[in-house]
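So the structure is just underneath, and the comments pick up after that.
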Amino acid sequence: MRTHRCGELSRRHVGQTVTLNGWVQRRRDHGNVIFIDVRDRQGLTQIVFNPEISPAAHQQAHVLRGEFVVAVTGTVALRPEGSANPNLATGEIEVLVKTVEILNDARTPPFLIEDEGEVTEALRLKYRYLDLRRPKMQRLLRLRHEVMQQARSFLNGQDFLEVETPMLTKSTPEGARDYLVPSRVNPGCFYALPQSPQLFKQILMVSGIDRYYQIARCFRDEDLRNDRQPEFTQIDLELSFIDREQVMVLMEQMIRLVFQTTAGVELPAPFPRMAYAEAMGRYGSDKPDLRFGMPLHDLQDFASKTEFKVFRETLAKGGIVKAIVVKGGVEISRSRIDALGETAKGFGAKGLAWVKIVGAGQLESVIAKFLDARSLLAAVPDAQTGDLLLFVADKPKVVYDVLGRLRLLLAEERNLIDQKAWRPLWVVDFPMLEYDEALKRYVAIHHPFTAPLDEDLPLLETDPLKVRAKAYDLVMNGSELGGGSIRIHRREVQSQVFDLLGIGKEEAASKFGFLLEALEYGAPPHGGIAFGLDRLIMLLGGADSIRDVIAFPKTQRAQCPMTDAPSHVGPEQLKDLSIKLDLIE
RNA sequence: GGGGCCGUCGUUCAGCCUGGUUUAGGACGCCAGAUUGUCAAUCUGGAGGUCGCGGGUUCAAAUCCCGUCGGCCCCGCCA
């Protein structure tokens with residue numbers, strides 16, 4: 001079989017007799033001389049069939065077709081003067097074939113195995129094994145492997161133990177919808193596939209594992225998106241006897257190493273930090289994209305003094321007024337601004353006020369007569385002649401959300417994003433709870449095991465919404481790479497939080513009883529974090545869909561076009577599981 | 001649950017708005033022949049499509065209407 005890979009031969013090998021195995025990429029038949037590119041994971045090598053070297057092999061070359069699997073043996077030779085191919089790693093040499101063996105033939109593939117020319121994704125997924133032969137997909141799979149290896153090797157070096165946790169586990173309240181698995185030996189009972197190994201990794205801390213990690217598959221039965229699959233992978237870890245500062249410092253090292261070794265990207269040290277309140281106030285997002293400016297400007301003072309009724313009434317009702325500055329935005333047409341207004345309404349705003357600064361102290365706007373140019377420009381020092389200001393007045397949550405999203409949309413539209421920049425950011429001091437109007441109760445922003453800041457502990461009883469958590473998210477270029485927290489390690493605090501979340505004693509006992517009990521047996525202070533591996537690969541590899549970084553992903557309807565999963569099962573299988581179907585039309 | 005875009009030879013795209021001039025066209029691929037230096041080889045010739053599916057309007061439907069299936073994007077959802 002093979003002596004070399006298709007990407008490794010160079011002028012060093014000239015004169016050697018080698019055997020290559022691989023797939024026929026392309027055949028160029030010149031009559032007497034036939035060229036074939038043989039491809040494997042490593043690359044391409046041009047092999048030459050010449051009747052003067054081997055009439056038999058030359059004869060056989062006529063039947064070779066794309067994607068045939070071959071073994072070729074021949075001599076490595078320098079290509080003739082002027083015929084080297086500088087675009088090919090092996091372009092200086094070629095293999096003069098003595099013998100060729102067809103290891104397998106192949107049907108004509110439904111699409112070409114090359115990066116050029118996009119093919120419908122449905123077709124790619126049906127023939128995923130062919131799609132994965134394409135260099136782009138090979139590169140992404142390799143990148144994924146390398147990221148995992150770098151993370152593993154870093155964590156191993158830091159004395160972490162890789163421990164596997166169950167896939168068949170217990171359904172938990174809160175969070176996403178669970179994937180359920182019926183239990184045959186316990187009729188009527190169901191396992192849930194883990195949404196994350198959260199509870200187990202905390203238990204492992206109680207077990208004295210001290211430092212745990214796992215490249216963990218997680219399952220969430222929610223609707224899919226461009227960056228969301230029903231099963232995805234986390235680099236999941238947990239540490240004992242640490243505080244959040246130590247976690248962040250350690251994780252920065254890991255992320256910096258991964259970026260450096262797998263993508264050659266040097267990230268700043270240390271990563272900047274930002275409190276949640278500042279992220280929301282300045283960027284309208286808890287995962288701000290720092291590759292461009294366009295911050296939100298606070299207009300409380302200005303709005304309180306203006307004649308514009310909408311602003312004043314919003315303030316009177318406890319709302320806020322903020323604005324973003326679109327540099328050079330006077331050129332934006334009225335119809336485009338109206339469309340932005342519709343977009344803003346789609347995001348939940350009641351409306352979008354706008355002002356064009358057409359000259360020194362000169363405003364152009366339907367509301368210009370209510371506004372004093374001088375005090376507006378004083379309130380928004382960024383704004384200059386030629387700029388467009390967009391205002392939203394509403395409850396804080398709406399203002400942040402709408403302006404935050406407009407900020408991203410406009411940055412994209414106006415090409416303000418530095419595509420080469422890498423801007424990591426730790427977002428810290430998240431609120432622990434928010435109030436869910438629909439459920440009429442508090443819900444955990446991170447999860448119910450997140451510890452409150454020590455100094456905010458008393459607020460748990462007096463003003464729970466003011467309580468900040470020992471949580472941290474790592475954000476890169478506006479997407480969340482990972483998040484974690486220091487956990488509650490004392491039973492009484494955990495019970496208090498469950499009370500606030502409206503999780504009764506009985507429910508807590510039946511759902512998390514094992515964790516609560518474990519906390520009573522000497523649980524060490526602990527905390528951890530989980531990184532979304534798929535999204536990390538997307539960022540590093542420049543992939544525009546999560547499906548491109550997963551070998552066998554699902555379509556938007558959570559189906560696999562290759563295997564046709566999920567599928568119906570026979571009555572015997574259902575009977576074994578004590579399941580009767582009641583399909584709703 | 002909701003909104004949007006898309007579906008035409010193996011692939012990809014045009015044609016659709018404004019129904020008939022289309023025997024549904026181009027490129028890539030495929031097949032055959034030619035070809036001794038190509039590497040997205042080239043040249044010549046050829047095969048290949050019930051226009052996703054069903055129904056309707058019409059003298060006439062790829063084209064207009066309704067429904068349906070599938071793909072993608074987004075909102076909701078994703079502690």
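For A:Glu118 against B:rU12, a side-chain-to-base donor-acceptor contact under 3.5 Å is absent. For B:rC78, the base has a donor-acceptor partner in the side chain of A:Arg228 [N/O atoms by modelled type, under 3.5 angstrom]. A:Arg65 contributes no side-chain N or O that forms a donor-acceptor pair with the base of B:rC31 under 3.5 Å.
With P as the reference atom, B:rC6 and B:rU63 are 15 Å apart, rounded to whole Å. B:rA62 and B:rC17 have their C1' atoms separated by 14 Å, given to the nearest Å. B:rC53 and B:rC9: their P atoms are spaced 10 Å apart (whole Å). Nucleotides B:rC77 and B:rG3 are separated by 15 Å at their C1' atoms, to the nearest Å. Of the C1' atoms belonging to B:rG55 and B:rC13, the separation is 29 Å, rounded to the nearest Å.
You can call A:His30 stacked on the base of B:rA41; the centres are under 5.5 Å apart and the planes sit within 30°. For B:rU11, the base is not stacked against the aromatic ring of A:Phe111, per a cut-off of 5.5 Å between centres and 30° between planes.
Of the possible polar contacts, none joining the A:Thr120 side chain to the A:Ala122 backbone as a donor-acceptor pair under 3.5 Å is found. A donor-acceptor pair under 3.5 Å is formed between the side chain of A:Glu8 and the backbone N or O of A:Arg5.
A 3.5 Å limit on both hydrogen-bonding distances identifies no Watson-Crick or G-U partner for B:rU38. Base pairing of B:rC78 is not made with any nucleotide, judged by Watson-Crick or G-U wobble geometry with both donor-acceptor distances under 3.5 Å. Across the strands present, B:rG7 finds its partner in B:rC69; the criterion is a Watson-Crick or G-U wobble pair with both atom distances under 3.5 angstrom. With both pairing distances under 3.5 Å, B:rA14 is matched to nothing as a Watson-Crick or G-U wobble pair. Pair check for B:rG20 finds B:rC59; Watson-Crick or G-U wobble, both atom distances under 3.5 Å. Pair assignment for B:rC30 gives B:rG46, based on Watson-Crick or G-U wobble hydrogen-bonding distances that are each under 3.5 Å.
When distances are taken from the side chain of A:Arg26 to each of B:rC72, B:rC78, B:rA41, the shortest belongs to B:rA41. When each of B:rA79, B:rC39, B:rG71 is scored by its nearest atom to the side-chain atoms of A:Asn85, the top-ranked nucleotide is B:rC39. When each of B:rU11, B:rG71, B:rU36 is scored by its nearest atom to the side-chain atoms of A:Leu123, the top-ranked nucleotide is B:rU11. Among the nucleotides B:rG71, B:rC30, B:rG37, the one closest to any side-chain atom of A:Gln559 is B:rG71. Counting only heavy atoms from C-beta on, A:Arg557 has its side chain closest to B:rG70 among B:rC78, B:rG70, B:rC39. Across B:rA79, B:rU11, B:rG76, the shortest atom-to-atom separation from the side chain of A:Thr120 is found for B:rU11. Candidate nucleotides B:rU36, B:rC77, B:rC39 were compared by shortest atom distance to the side chain of A:Arg225, and B:rC77 ranks first. Across B:rG76, B:rG29, B:rG37, the shortest atom-to-atom separation from the side chain of A:Asp223 is found for B:rG76. The A:His447 side chain lies nearest to B:rA79 when the options are B:rA79, B:rA40, B:rU38. Side-chain atoms of A:Ala176 lie closest to B:rC78 of the nucleotides B:rC74, B:rC78, B:rG71.
In terms of position on RNA chain B, the residue among A:Leu125 and A:Gly175 whose nearest nucleotide sits closer to the 5' end is A:Leu125. Looking at which nucleotide of RNA chain B each of A:Leu224 and A:Ala444 is closest to, the 5′-most match is held by A:Leu224.
Rounded to whole angstrom, the span from the CD atom of A:Gln234 across to the P atom of B:rA79 amounts to 10 Å. The nearest whole Å value for the distance from the CG atom in A:Asp29 to the P atom in B:rC31 is 12 Å. One atom, CZ of A:Arg124, and another, P of B:rG71, lie 15 Å apart when rounded to the nearest Å. In this structure, CZ of A:Arg79 is placed 13 Å from P of B:rA41, rounded to the nearest angstrom. Look at CD on A:Gln195: it is 16 Å from P on B:rC77, rounded to the nearest Å.
Classification of the A:Phe449-A:His447 ring pair by plane angle, with boundaries at 30° and 60°, yields tilted.
Here the two rings, on A:His446 and A:Phe430, have centers that are 6.0 Å apart or farther.
Residue contacts shown for A:Arg177 are absent, as no nucleic acid heavy atom lies under 4.0 Å away. Residue A:Ala84 is classed as a base contact, given a heavy-atom separation below 4.0 Å to a base.
Cation-pi geometry between A:Arg244 and A:Tyr472 is not satisfied (NZ or CZ under 6.0 Å from the ring centre, within 45° of the ring normal).
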Inset, instruction - For the pair A:Lys170 and A:Asp178, evaluate salt bridge (charged side-chain N to carboxylate O under 4.0 Å, His left out) and give the outcome as yes or no after the intermediate values. - result: CA-CA 9 Å; A:Lys170 195 173 161 107; A:Asp178 284 319; over 6 Å; no

Inset, instruction - Decide yes or no on ring pair (Phe, Tyr, Trp, His ring centres under 6.0 Å) for A:Tyr212 and A:Phe200, but give the supporting numbers first. - result: CA-CA 10 Å; A:Tyr212 140 95; A:Phe200 287 101; 9.9 Å; no

Inset, instruction - Take A:Arg220 and A:Glu222 through the test salt bridge (charged side-chain N to carboxylate O under 4.0 Å, His left out) and record every step on the way to the result. - result: CA-CA 6 Å; A:Arg220 294 180 191 176; A:Glu222 297 293 348; over 6 Å; no

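Of the side-chain N and O atoms in A:Arg27, none sit less than 4.0 angstrom from OP1 or OP2 of B:rU38.
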